[in-house]
There are 2 protein chains.
Amino acid sequence: MSQTTPRPGSPRWWQNRPPREPSAEPGPGRPAMSFDRVIRTALELIDEVGPDDFSMRLLAKRLGSSTATLYRHFKGKDEILVHVVDHLFGEIPRYLTGVSPDSTWQAKLTGSAEAMFRTLTQHPRVASLLDDQVPLGPHALAGREIALGVLLASGFPPEAAARAFTAVGHYIIGFAGQPGGHEASRQYGKQEIREFYRSLDAARFPATLAAGPYLPNSLDDEFRFGLQLIVTGLEKHLTEHH
Amino acid sequence: MSQTTPRPGSPRWWQNRPPREPSAEPGPGRPAMSFDRVIRTALELIDEVGPDDFSMRLLAKRLGSSTATLYRHFKGKDEILVHVVDHLFGEIPRYLTGVSPDSTWQAKLTGSAEAMFRTLTQHPRVASLLDDQVPLGPHALAGREIALGVLLASGFPPEAAARAFTAVGHYIIGFAGQPGGHEASRQYGKQEIREFYRSLDAARFPATLAAGPYLPNSLDDEFRFGLQLIVTGLEKHLTEHH
DNA sequence: ACCTGAACACCGTTCAAGT
DNA sequence: ACCTGAACACCGTTCAAGT
């Protein structure tokens with residue numbers, strides 16, 4: 001009786017995933033409901049209206065179909081969201097620049113982290129979905145393998161490699177989910193937050209007033225600063241445990 | 001016309017917050033709907049059923065009232081969630097241990113970060129709400145002020161202090177939102193994830209198999225490891241820019 | 001003045017009925 | 001076999017009507 005049907009996105013669920021249906025793209029005559037088209041359209045919609053207003057009805061309409069048809073291809077909304085997240089992991093390599101096989105591990109790690117960060121900030125409204133799942137889909141697995149491989153090849157013992165990967169991963173997710181992303185499409189601007197800090201009582205908030213002008217900085221710069229801290233910490237960790 | 005009514009949680013919204021109603025606790029005869037009771041009950045409910053199943057109807061029922069009454073005290077669900085988050089920031093000092101005024105800045109920063117982390121993992125289902133807002137409520141402001149004060153007093157220039165604060169904050173949020181928190185109340189266990197990694201193809205995933213046994217470790221240990229990396233990085237940053 | 005049942009316009013999901 | 005309109009049991013939010 002502990003053999004309940006696994007939740008979408010859980011390890012057991014991924015394990016029992018049937019291989020992707022053979023004809024991913026439908027026949028020439030009818031542009032029906034292919035796996036990829038559904039997931040791409042879902043990502044598109046979440047980008048447009050956000051995860052809250054994204055609905056099965058909306059997705060069905062955009063696909064020119066009905067919700068019941070959607071439910072014949074996917075178990076439910078959760079399952080679609082899980083696939084959207086993994087689809088996003090598949091996009092990361094497109095943003096990987098300036099990293100070659102003989103780069104230092106620091107450059108490789110930084111480059112991969114920035115690629116993942118850029119992918120997530122390109123789809124900021126999807127990033128918050130990462131809070132609810134440990135990404136175990138095929139694309140996520142492939143990315144994890146590459147990152148861990150870099151660390152192990154650089155001399156990190158397995159445990160340190162695992163922890164370094166986790167630390168960087170959580171750092172990225174914490175950053176990418178936060179408001180203040182790339183576009184003016186954000187809820188409220190840095191300018192507004194800065195004005196808010198400036199309006200605070202100088203007697204009660206001296207430190208906030210001093211640091212306020214720098215607080216909502218370029219998200220890219222802030223991200224790189226913290227990432228550099230982690231890499232520096234890792235360098236020291238590696239040399240100390242040779 | 002740019003003077004639209006501000007979104008709950010936004011800077012302008014916090015700025016125009018009326019002072020908390022005078023009689024927070026209701027009269028002796030009737031245990032009516034006080035601000036604090038609503039927020040505490042909401043937090044309680046989110047802990048129990050998660051943010052998705054938390055509803056205004058459920059909250060009204062638990063309060064022994066109706067949704068319409070709730071709407072007379074709060075503008076809507078968003079507003080309640082914003083207050084729940086700030087309420088949580090108010091709990092952080094309870095978890096602050098082993099830090100005294102003459103501790104090193106490293107100990108103070110680590111202690112504060114761990115207190116915030118512990119608070120959030122105590123309410124893991126609330127943590128994901130942090131993805132949608134820059135916390136600007138009174139309790140969040142007070143915490144920010146203390147943390148920035150520590151860094152400035154330790155010799156960090158304002159910009160470095162701001163960035164260090166942001167880096168640590170995002171690191172904490174990224175960690176606390178992730179599944180794998182304190183209790184068995186989690187969706188799927190570390191054991192299950194470890195078995196999943198072990199089941200992978202050795203030829204395609206050598207690094208994941210090597211690091212797999214360490215991957216879903218104690219969340220506390222993983223958190224502390226990464227935090228230590230950041231603090232080490234900050235030490236080096238501080239000495240290099242004296 | 002303060003409260004509420006019932007309504008409105010939505011959800012995710014399912015199912016009988018169509019081709 | 002594949003699809004769908006309509007239904008079911010819910011949402012957040014509002015409002016006329018009660019005390």
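What you see below is based on every heavy atom in this structure, not just the backbone, and it leaves out hydrogens, waters and symmetry mates. Each chain gets a letter, A, B and so on, in the order the sequences are listed, and its residues count up from 1.
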_If the condition is side-chain contact (heavy atoms from CB on, under 4.5 Å), which residues does B:Ile146 pass it with, not counting sequence neighbours?_
none
*What is the distance, rounded to the nearest whole Å, between atom CG of B:Leu70 and atom P of C:dT4?*
11 Å
*Mind checking side chain to side chain donor-acceptor pair (under 3.5 Å) for A:Glu222 and listing every partner two or more places apart, or none if nothing turns up?*
none
*Under 4.0 Å protein heavy-atom contacts per nucleotide of nucleotides 7-19 of chain D, with B for base, S for backbone only and - for none*: B---BBBBB----
*Can you name the residues that form a salt bridge (charged side-chain N to carboxylate O under 4.0 Å, His left out) with A:Glu114, not counting sequence neighbours?*
A:Arg118, A:Arg224
_For B:Phe175 and B:Phe223, take the angle between the two ring planes, folded into 0 to 90°, and tell me which bin it lands in: parallel under 30, tilted 30 to 60, perpendicular over 60._
perpendicular
Exercise answer: donor-acceptor pairs, residues 78-86 of chain B side-chain atoms, under 3.5 Å, sequence neighbours excluded:
| residue | atom | partner | partner atom | Å |
| --- | --- | --- | --- | --- |
| B:Glu79 | OE1 | B:Lys75 | N | 3.3 |
| B:Asp86 | OD1 | B:His139 | N | 3.3 |
| B:Asp86 | OD1 | B:Ala140 | N | 3.0 |
| B:Asp86 | OD2 | B:His139 | N | 3.1 |
| B:Asp86 | OD2 | B:His139 | ND1 | 3.2 |

*Kindly express the pairing pattern of DNA chain D in dot-bracket notation, using | wherever a base pairs with another strand and counting only Watson-Crick or G-U pairs under 3.5 Å.*
||.|||||...|||||.||
*Taking ring-ring contact (aromatic ring centres under 6.0 Å, His included) as the test, write out the residues that go with B:Tyr214, two or more places apart.*
none
*Hey, does the side chain of B:Ser66 come within less than 4.0 Å of C:dC3's phosphate (OP1/OP2), counting only N and O?*
no
_Partners passing ring-ring contact (aromatic ring centres under 6.0 Å, His included) against B:Phe165 (at least two apart in sequence or in another chain)_ = none
Validation: residues 47-55 of chain B side-chain donor-acceptor distances under 3.5 Å, sequence neighbours left out:
| residue | atom | partner | partner atom | Å |
| --- | --- | --- | --- | --- |
| B:Asp47 | OD1 | B:His123 | ND1 | 3.2 |
| B:Asp47 | OD2 | B:His123 | ND1 | 2.6 |
| B:Glu48 | OE1 | B:Arg62 | NH2 | 3.0 |
| B:Glu48 | OE2 | B:Arg62 | NH1 | 3.3 |
| B:Ser55 | OG | B:Leu58 | N | 3.1 |

